[in-house]
Colleague: 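Would you mind keeping the following structure in view while I ask a few things?
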Protein chains: 2
Amino acid sequence: MNETNLSRTPTKVSADHIRDALDQLVGYHLRRASVHDLNGAVAALDDVGARPITMSVLLSIVEQPGSTSADICRMLGIKRANIVGLLQQLEARDLFLRKDDPADQRIQRLYPTETGLKTALDWLNRIRQHEEKTLRRLSLEERAELRRLLSLIWSEDTSGE
Amino acid sequence: MNETNLSRTPTKVSADHIRDALDQLVGYHLRRASVHDLNGAVAALDDVGARPITMSVLLSIVEQPGSTSADICRMLGIKRANIVGLLQQLEARDLFLRKDDPADQRIQRLYPTETGLKTALDWLNRIRQHEEKTLRRLSLEERAELRRLLSLIWSEDTSGE
DNA sequence: TATTGTTATACTCTATAACTATA
DNA sequence: TATAGTTATAGAGTATAACAATA
């Protein structure tokens, strides 16, 4: 019965309803591309004893001198608890200084040292070389478009602390 | 001395050399977008006791019945050791069956059950609803273009086992 | 009450090494 | 020698809860 099956609901689920499903999910490609890129970034920074997140924190301090650690956490979408060790590593290498805020004694404002500036530039150049490799099949226009589309996805993200 | 500074190498590193550096890195946007999307995907599957990677494995079995677990690992870019628990979860829910290969006794070929097909469709629909949210600011053309650009980045990845 | 910086801790994901059985 | 499936384990990343000091 129901041989003509005019109903939109199939009487039997078949694999035909799930064809190339994974390949059509943007999230799947996002994940694969992000992991691929991250692996390359980790390798690019391995020689200098840094990780991508370490570089992001240092770059934040360089780009926004005077930020607090809580500011940086909000900027990068990470938790306050998880920046502590990262800052300790950077501090042990004299890449930034903490200065107590005279107006608010809860706060430490972070400023890059001269070494921190040089190091940030070095790390950044390593990452740029790595990006040149991962993006070698994309034109400059495509790279800019990709950046634009990606930022449309996450830029309203308020989940980070 | 050297006031005109004709050299391309600055005598003093300044933060001016690192302006909007993080924002210009495609890898940074890749990471932020991927994390944002993944969080939504995790939430979308939470009700049904699945994770994105669990769904990916089930979809692989549905789309390529008769694959081995090693095949799926190569397809998804994950390690053989890490699929064992995922398969055990799916197996405990009767979503697929293992059949010994008569020609090669090392191999188990995986086939979805009827329940597995229905479940895959359900999970997929949940993910599609979630994607509609994360991609709401992108046109259909932009979504297709994003998928194309992302696959250009990772499609030659051979790092997965 | 809320925020900052911090500690402790748990959970997930991922990576490596080793083992067996088979080819 | 190489591959498949598995176990055990270690390392990152990330999450929550709690705390003291301060606003």
Side-chain angles (χ1 to χ4, degrees), chain A residues 31-32 34-43 45-46 49-57 61 66-91 96-110 157 159-161, chain B residues 28 31-32 34-43 45-46 49-57 61 66-91 96-110 157-161:
Chain A
R31 174 82 178 146
R32 293 300 298 266
S34 176
V35 167
H36 175 85
D37 179 79
L38 197 62
N39 284 341
V42 167
L45 292 174
D46 192 51
R51 310 268 309 173
I53 184 62
T54 326
M55 186 201 64
S56 295
V57 171
I61 297 174
S67 297
T68 67
S69 69
D71 289 337
I72 294 172
C73 287
R74 280 184 288 266
M75 206 177 345
L76 297 179
I78 62 180
K79 304 286 176 188
R80 280 202 323 280
N82 295 328
I83 204 176
V84 178
L86 301 172
L87 288 177
Q88 285 171 348
Q89 291 173 43
L90 294 173
E91 194 173 30
F96 79 95
L97 298 172
R98 306 177 197 243
K99 295 188 184 173
D100 292 337
D101 187 304
D104 186 341
Q105 290 188 253
R106 294 172 302 180
I107 290 174
Q108 302 170 347
R109 302 203 171 271
L110 313 182
D157 194 329
S159 70
E161 181 157 353
Chain B
Y28 175 67
R31 173 82 178 150
R32 295 300 300 265
S34 177
V35 167
H36 176 85
D37 179 79
L38 198 62
N39 284 341
V42 167
L45 292 174
D46 192 50
R51 309 268 307 174
I53 185 61
T54 325
M55 185 202 64
S56 296
V57 171
I61 297 175
S67 296
T68 67
S69 69
D71 290 336
I72 295 172
C73 286
R74 280 184 288 264
M75 204 174 350
L76 297 179
I78 62 179
K79 304 287 177 188
R80 282 203 321 278
N82 295 328
I83 204 177
V84 177
L86 302 172
L87 288 177
Q88 285 171 348
Q89 292 174 44
L90 295 172
E91 195 173 30
F96 79 95
L97 297 171
R98 305 178 198 242
K99 295 186 185 174
D100 292 337
D101 186 304
D104 187 340
Q105 289 187 254
R106 293 172 304 182
I107 290 174
Q108 301 171 346
R109 301 203 171 273
L110 314 182
D157 194 328
T158 57
S159 72
E161 181 155 354

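The sequence lines fix the lettering, A, B, ..., with proteins before strands; numbering per chain opens at 1.
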Colleague: Within this structure, what is the CG-to-P distance between B:Asn39 and D:dT16, rounded to whole angstrom?
Modeller: 10 Å
Colleague: Write down the distance between CG (A:Asp46) and P (D:dA12), rounded to a whole number of angstrom.
Modeller: 10 Å
Colleague: Over how many whole Å does the gap from B:Arg51 atom CZ to C:dT12 atom C1' extend?
Modeller: 6 Å
Colleague: With no hydrogens and no angle check, is any side-chain donor or acceptor of A:Asp71 less than 3.5 Å from a backbone partner on A:Thr68?
Modeller: yes
Colleague: Side-chain contact test, heavy atoms from C-beta onward, threshold under 4.5 Å: evaluate it for B:Asn82 versus B:Ile53 and give yes or no.
Modeller: no
Colleague: Are the side chain of B:Arg32 and the backbone N or O of A:Leu76 linked by a donor-acceptor pair below 3.5 Å?
Modeller: yes
Colleague: Measure CZ/B:Arg32 against P/D:dT14 and give the value in whole Å, please.
Modeller: 10 Å
Colleague: CD1/B:Ile78 to SG/B:Cys73 distance, rounded to the nearest 0.5 angstrom?
Modeller: 4.5 Å
Colleague: What is the separation between atom CD on B:Gln105 and atom P on C:dT20, rounded to the nearest whole Å?
Modeller: 18 Å
Colleague: Nearest whole Å is fine: how far is D:dA12 C1' from A:Leu86 CG?
Modeller: 11 Å
Colleague: Compare all side-chain heavy atoms of A:Ser67 with those of A:Ile61 and state whether any distance is below 4.5 angstrom.
Modeller: no
Colleague: Without decimals, in angstroms, what is the distance between B:Ile78 CD1 and C:dT16 C1'?
Modeller: 16 Å
Colleague: State which residues pass side-chain contact (heavy atoms from CB on, under 4.5 Å) with A:Glu91; sequence neighbours excluded, sorted by chain then number.
Modeller: A:Phe96, A:Arg98
Colleague: Could you go over nucleotides 3-7 of chain D and give all protein N or O partners under 3.5 Å, atom names and distances?
Modeller:
from  : atom 1 : to       : atom 2 : distance (Å)
D:dT3 : O2     : B:Arg106 : NH1    : 3.1
D:dA4 : OP1    : B:Arg74  : NH2    : 3.4
D:dA4 : OP2    : B:Arg74  : NH1    : 3.4
D:dA4 : O3'    : B:Arg106 : O      : 3.4
D:dG5 : OP1    : B:Gln108 : N      : 3.1
D:dG5 : OP1    : B:Gln108 : O      : 3.4
D:dG5 : OP2    : B:Ser69  : OG     : 2.7
D:dG5 : OP2    : B:Ala70  : N      : 2.9
D:dG5 : O5'    : B:Ser69  : OG     : 3.4
D:dG5 : N7     : B:Arg80  : NE     : 3.0
D:dG5 : N7     : B:Arg80  : NH2    : 3.4
D:dG5 : O6     : B:Arg80  : NH2    : 3.4
D:dT6 : OP1    : B:Arg98  : NH1    : 3.4

